[in-house]
Amino acid sequence: MTGKMRHEKKKRWTQSILDEYTNAKKWINTCVCCGKSGYNPKLPEVLTMRWYGHDDHPTYIAEKIRYLYSPMAVDELGRCKECRNAIENNKTEKEKDQ
């Protein structure tokens with residue numbers, strides 16, 4: 001299996017998990033500048049789910065999210081660390097030029 005095919009399979013598997021467990025989507029951060037995705041570092045060890053009126057029970061979704069994504073925090077504007085630093089560096093370089 002080539003790398004591209006493996007990547008596509010992983011992407012489809014990830015999307016199917018997020019479609020099935022919609023409450024897990026809130027733990028995925030996506031940068032508004034570059035579109036890179038990662039999980040929120042504040043993701044709890046165990047996510048729970050209510051099942052047909054029964055009490056909450058733990059799921060394996062947090063583990064899968066950690067396997068599929070790297071941790072990625074975003075700022076209040078939705079930018080990842082790399083994009084925020086690039087924008088700030090660009091801003092300071094323009095100020096130096098003036």
Side-chain angles (χ1 to χ4, degrees):
M1 184 182 274
T2 66
K4 184 175 181 175
M5 289 174 60
R6 193 174 303 127
H7 176 73
E8 290 299 319
K9 185 176 180 181
K10 182 178 176 182
K11 191 174 179 181
R12 283 193 309 269
W13 185 53
T14 303
Q15 191 58 48
S16 70
I17 288 171
L18 294 177
D19 288 343
E20 185 176 349
Y21 300 97
T22 55
N23 64 336
K25 288 181 183 179
K26 70 180 179 181
W27 295 105
I28 306 298
N29 291 333
T30 302
C31 177
V32 296
C33 296
C34 66
K36 180 178 151 184
S37 293
Y39 71 84
N40 186 335
K42 296 179 183 178
L43 175 67
E45 287 298 316
V46 176
L47 293 177
T48 59
M49 181 176 165
R50 186 167 297 273
W51 193 265
Y52 297 114
H54 297 286
D55 292 336
D56 289 347
H57 68 276
T59 65
Y60 60 92
I61 299 307
E63 180 181 327
K64 289 205 180 272
I65 289 173
R66 283 189 175 89
Y67 172 75
L68 295 168
Y69 293 96
S70 299
M72 186 183 83
V74 293
D75 64 6
E76 62 278 353
L77 299 176
R79 302 175 299 182
C80 67
K81 182 179 178 181
E82 290 84 14
C83 290
R84 184 180 66 242
N85 289 341
I87 291 170
E88 289 174 1
N89 288 341
N90 190 19
K91 191 183 293 186
T92 56
E93 286 178 13
K94 284 184 179 180
E95 290 173 356
K96 287 179 185 177
D97 291 342
Q98 292 179 1

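For this chain, numbers begin at 1 and follow the sequence in order. Heavy-atom basis, side chains included; hydrogens, waters and symmetry copies ignored.
- The hydrophobic cluster containing Y69 also contains L47, counting ILVMFWY residues as joined when their side-chain heavy atoms lie under 4.5 angstrom apart, directly or transitively.
- The side-chain hydrogen bond (donor to acceptor under 3.5 Å, both in side chains) search around D75 returns R79, not counting sequence neighbours.
- Hydrophobic cluster membership for L77: none, as no Ile, Leu, Val, Met, Phe, Trp or Tyr side chain comes under 4.5 Å of it.
- Scanning all heavy atoms of the two residues, the minimum distance from A62 to L43 falls at O-CD2, 4.0 Å.
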All N/O donor-acceptor pairs, side-chain side in residues 27-37, below 3.5 Å, sequence neighbours left out:
residue : atom : partner : partner atom : Å
N29     : ND2  : M72     : O            : 2.8
T30     : OG1  : S37     : OG           : 3.0

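- Applying the salt bridge (charged side-chain N to carboxylate O under 4.0 Å, His left out) rule to K25 yields the partners D19; only residues at least two apart in sequence or on another chain are considered.
- Criterion: ILVMFWY side-chain heavy atoms under 4.5 Å apart, direct or through other members. Under it, I61 and V46 are not part of a common hydrophobic cluster.
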Only distances under 3.5 Å count here; give the side-chain donor-acceptor pairs of residues 80-89 to other protein atoms, sequence neighbours excluded, each with its distance to 0.1 Å.
residue : atom : partner : partner atom : Å
N85     : ND2  : K81     : O            : 3.3
N89     : ND2  : N85     : O            : 3.3

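- Residues passing the salt bridge (charged side-chain N to carboxylate O under 4.0 Å, His left out) test with E45 are R66, sequence neighbours excluded.
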